[in-house]
2 protein chains.
Amino acid sequence: MNIGEVAERSGIPPKTIRYYEDIGLVRPQRSGNGYRTFRETDLHKLAFLGRARALGFSIEGCRNLLSLYEDETRESAQVKAIAEEHLSAIDDKIAQLQAMRETLSHLVEACHGDHRPDCPILKDLSGALAGCKPTTGRSAD
Amino acid sequence: MNIGEVAERSGIPPKTIRYYEDIGLVRPQRSGNGYRTFRETDLHKLAFLGRARALGFSIEGCRNLLSLYEDETRESAQVKAIAEEHLSAIDDKIAQLQAMRETLSHLVEACHGDHRPDCPILKDLSGALAGCKPTTGRSAD
DNA sequence: CCTTGAGCTTCCAGTGACTGGAAGCCCTAT
DNA sequence: ATAGGGCTTCCAGTCACTGGAAGCTCAAGG
């Protein structure tokens, strides 16, 4: 197969496939005219990479998963460890995004969104403490 | 103030502050020796940027927010629009991550994580359909 | 046989938002 | 005079591609 066909069948664009070759994730052969020639196993590998990437694994994670996949002496614990590490990274990201979401959605709700300049979003960004009534001077530090 | 002091007071590292100057987010003055000189307003701006970045706004988003902040003729609707767009981007990311999390956590649960090579995580990545019992011989190809 | 167009090749540059490091100037203290 | 720390600039690297230019190859049509 040429690169166009693997691209279509694996769902990975030609550019990316070339990049994957560059960084040693796949090693297609070459035919006489210099074109890359992919076998079914290459296609399989690329599809594997596509799915791993879709699950958010980094390229290095994919590389490790792929080498475990091809290693018949692997222990599933190794795979699980990689996956668990990634899972916890995902959880961290979700938590971080949810914290942002929390703050931001409150601010958005509080903003009138009209033609006047007053804006609690900008007020917050400029350093005002949210929900802080200007009572008797001494506010939080 | 020199860069070190603003860095400490704004919580933004010197490198990043220089970068922000490069891309035109702040314009500190220069003293005779070539050192950057920051005023309180610069510090304020940097703190603003720090908070906006912490909420996940892109640099361009920050630039827009900052220019609205400094624009007395702004309409809060403009600010709200930026924030809402960002909020929806955050929601998209959260959804995407949660979808990954969902799949991945099922796979991790299903993996024994022992010293044997059998691994549902790799099986899934290699293209097997999840929950597909290999009943009477005819398995997936 | 020639042309045309698609498909392939390589290489270089850019993305976002920094971050690290090198080389060198400035300032203060000893 | 020297040592150090802080400041300056510029260049390169990160991550995972993506776009584009210049040029070769191949199959089909005239």
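Residue numbers start from 1 in every chain, and the chains themselves are labelled A, B, ... in the order their sequence lines are given, proteins ahead of strands. We use all heavy atoms of the structure for the numbers below, so side chains are in, but hydrogens, waters and symmetry mates are not. Treat the numbers as computed from the prediction; the structure is a model and nothing was measured.
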Nucleic acid contacts - residues 45-63 of chain A versus DNA chain C, non-hydrogen atoms under 4.0 Å: none
In whole angstroms, how far is the C1' atom of C:dC8 from the CD1 atom of A:Ile3? 8 Å
For atom CG of A:Asp22 and atom P of D:dC15, their distance in whole Å: 15 Å
Would B:Leu43 end up clustered with B:Tyr35 when hydrophobic side chains under 4.5 Å apart are linked, directly or stepwise? no
Gap between atom CG of B:Leu46 and atom CG of B:Leu66 - 0.5 Å precision: 9.0 Å
Within residues 25-44 of chain A, find the residues that approach DNA chain D with a heavy atom at under 4.0 Å, and present them sorted by residue number. A:Asn33, A:Tyr35
Hey, could you give me the CZ/OG distance between B:Arg101 and A:Ser88, rounded to the nearest 0.5 Å? 10.0 Å
Residues B:Cys119, A:Lys80; criterion side-chain contact (heavy atoms from CB on, under 4.5 Å); working and verdict: CA-CA 8 Å; B:Cys119 178; A:Lys80 191 170 185 174; over 6 Å; no
Verify the contact: side-chain N or O of A:Thr16 to OP1 or OP2 of D:dT18, cut-off strictly under 4.0 Å; return yes or no. yes
Quick one: CZ on A:Arg63 to CG on A:Leu49, what's the gap to the nearest 0.5 Å? 9.5 Å
Say whether, by atom type as modelled, one donor and one acceptor occur between the side chain of A:Arg74 and the main chain of A:Leu68 under 3.5 angstrom. yes
CD of A:Glu5 versus C1' of C:dA6: gap in Å, rounded? 16 Å
Rounded to whole Å, the OH-P distance (A:Tyr20 to D:dA16) equals 8 Å
Please check: side-chain N/O of B:His86 versus main-chain N/O of B:Leu55, any donor-acceptor pairing under 3.5 Å? yes
note: B:Lys15, atom NZ; C:dG21, atom P; distance rounded to Å ~ 9 Å
Pairing of B:Arg116 and B:Asp114 as salt bridge, 4.0 angstrom limit: yes
In whole angstrom, give the distance that lies between atom CD of A:Glu21 and atom C1' of C:dT9. 11 Å
To the nearest angstrom, how far is B:Tyr19 atom OH from C:dT19 atom C1'? 11 Å
When rounded to whole Å, the CD1 to P distance for the pair B:Ile17 and C:dT19 reads 12 Å
Short question: side chain of B:Asp124, backbone of B:Ile121 - any donor-acceptor pair under 3.5 Å? no
